[in-house]
Amino acid sequence: MPYSAVEWPARSLLGVLSPPARQELLTLGAPKRVEAGEVLLSEGAHDRHMLLLLSGFAKVTARVENGETSLLAVRVGGDTVGEMAAMDGSPRSATVTACGPMTARVVQPGPLHDLLMRRPEVAVALTRIVADRLRWANRRRLDFRGYPAKVRLARLLVELATAYGRPAGDGLVVGCRLSQPELAALTGAAETTVHKGLRELRRDGLLETGYRTTTIRDLPRLEQVADLTPTR
């Protein structure tokens, strides 16, 4: 598992909550174990529960007009999926599929709404996370038009490192390693272009790849490649 119960990513819901609020959220719903390839949520479905992910990671996909499936995002332990349907009752906007064994809690709308009323901190945090996801989606659309493929790839790797990376030695390990076709889908680039970009980033000492992991070795330099303001 990429993360333990005390290592929630800093920008995930469980990572931003205070210990009392986090503990109360973790008592909601029923535990669920998920196997690799299992569909957690289905696009267009009318069920309304939210899943609080505790370990592992999942992919968020949606169908596009030509019938193909597009990879929209990844979610890891500490994140939520399905919160919009739980809050407004709308049909699912995407499909969420486990990329390995996962654990989660299935939270029904009633207990979730009660918690949001009782703990405004949770409501504010969840609202901010939904807003962050919308901004991320908007940035991706702008990146597709405004930056070459290598820069888009670097920007995505910086996003994953800052959102889901955990310190390890002199680098940041991103536990949710994506395949080259998946990176291509998230960056809107050809798979061969992504392969070339990764090779160049490895050659320049900015990252290393291993089994199920990507380690960012030089975040400031990667941010330069990504045309981003350094975070530290």
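Every side-chain contact (heavy atoms from CB on, under 4.5 Å) that Ala226 has, sequence neighbours left out, goes to Ala154, Arg155, Val158, Leu228. Take Thr192 and apply the side chain to side chain donor-acceptor pair (under 3.5 Å) test, not counting sequence neighbours, and it matches no residue. For the side-chain contact (heavy atoms from CB on, under 4.5 Å) test, residues two or more places apart in sequence or in another chain that qualify with Arg118 are Glu24, Asp114, Leu115. Partners of Glu200 according to the side chain to side chain donor-acceptor pair (under 3.5 Å) rule, which considers only residues two or more places apart in sequence or in another chain, are Lys150. Listed by chain and residue number, Glu83 satisfy the side chain to side chain donor-acceptor pair (under 3.5 Å) test with Thr80 (two or more places apart in sequence, or in another chain). With sequence neighbours excluded, no residue satisfies side chain to side chain donor-acceptor pair (under 3.5 Å) with Arg63. With sequence neighbours excluded, the residues satisfying side-chain contact (heavy atoms from CB on, under 4.5 Å) with Pro20 are Ser18, Arg119. In this structure, the side-chain contact (heavy atoms from CB on, under 4.5 Å) partners of Asn138, at least two apart in sequence or on a different chain, are Leu134, Arg141.
Both Leu183 and Val225 are assigned to one and the same hydrophobic cluster, defined by single-linkage of ILVMFWY side chains at heavy-atom distances under 4.5 Å. In this structure, Leu207 is a member of the same hydrophobic cluster as Leu219, with clusters built from ILVMFWY side-chain heavy atoms closer than 4.5 Å. No continuous path of ILVMFWY side-chain contacts below 4.5 Å connects Val74 to Leu40, so the two sit in separate hydrophobic clusters. By the rule that hydrophobic residues join a cluster once side-chain heavy atoms approach within less than 4.5 Å of another member, Val60 and Val39 end up as members of separate clusters. Hydrophobic clustering (side-chain heavy atoms under 4.5 Å, transitive across Ile, Leu, Val, Met, Phe, Trp, Tyr) keeps Leu54 apart from Val96.
Side chain of Arg22 to main chain of Leu14: a donor-acceptor pair is present (N/O by atom type, distance under 3.5 Å, no hydrogens or angles). Checking side-chain atoms of Asp88 against main-chain N and O of Ser90 turns up a donor-acceptor pair under 3.5 Å.
For the pair Arg152 and Thr187, the tightest heavy-atom approach, listed with the atom from each and the gap, is NE-O, 2.6 Å. Residues Val34 and Ala98 come closest through the heavy atom pair CG1-CB, 3.6 Å. What you find for Ala184 and Ala190 is that their closest heavy atoms are CB-C, 4.2 Å. Listed here is the closest heavy atom pair of Ala36 and Cys99: CB-C, 4.5 Å. The two residues Ser12 and Gly78 come nearest to each other via the heavy atoms CB-O, 3.3 Å.
We find the CH2-CG distance between Trp8 and Asp79 to be 10.5 Å, quoted to the nearest 0.5 Å. Taken from CG in Leu172 to CG in Leu157, the straight-line distance is 12.0 Å, to the nearest 0.5 Å. Put simply, CD on Glu208 and CD1 on Ile216 are 10.0 Å apart, with the number rounded to the nearest 0.5 Å. Thr209 contributes atom OG1, which lies 12.5 Å from atom CZ of Arg199 (distance to the nearest 0.5 angstrom). Interatomic distance, CD of Gln180 versus CG of Leu153, reported as 9.5 Å (0.5 Å rounding). A distance of 9.5 Å separates CG of Asp218 from CG of Asp170, quoted to the nearest 0.5 Å.
Legend: side chain to side chain donor-acceptor pair (under 3.5 Å) pairs involving residues 27-43, not counting sequence neighbours: none detected.
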Using residues 122-132 as the side-chain source, report each donor-acceptor pair under 3.5 Å to any protein atom, sequence neighbours left out, with the distance given to one decimal.
| unit_1 | atom_1 | unit_2 | atom_2 | d |
| --- | --- | --- | --- | --- |
| Thr127 | OG1 | Ala123 | O | 2.8 |
| Asp132 | OD1 | Arg135 | NH2 | 2.3 |

Distance-only check: which donor-acceptor pairs under 3.5 Å involve side-chain atoms of residues 46-53, not counting sequence neighbours?
| unit_1 | atom_1 | unit_2 | atom_2 | d |
| --- | --- | --- | --- | --- |
| Asp47 | OD1 | Arg92 | NE | 3.0 |
| Arg48 | NE | Ala85 | O | 3.4 |
| Arg48 | NH2 | Ala86 | O | 3.2 |

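Through chains of ILVMFWY side-chain contacts below 4.5 Å, Tyr147 is grouped with Val151.
Side chains of Ser55 and Thr103: a donor on one and an acceptor on the other come within 3.5 Å.
The environment of Met84 atom CE is sparse: at most 12 non-hydrogen atoms of other residues, nucleotides or ligands sit within 6.0 angstrom.
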Practice task
Could you check Thr193 against Glu191 for side-chain contact (heavy atoms from CB on, under 4.5 Å), going step by step and ending with a plain yes or no?
Solution key: CA-CA 5 Å; Thr193 303; Glu191 187 177 340; over 6 Å; no
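By the 4.5 Å heavy-atom criterion applied to side chains, Gln23 and Leu17 are not counted as neighbours. Contact annotation: the side chain of Trp136 never approaches that of Leu72 to less than 4.5 Å [non-hydrogen atoms, C-beta and beyond].
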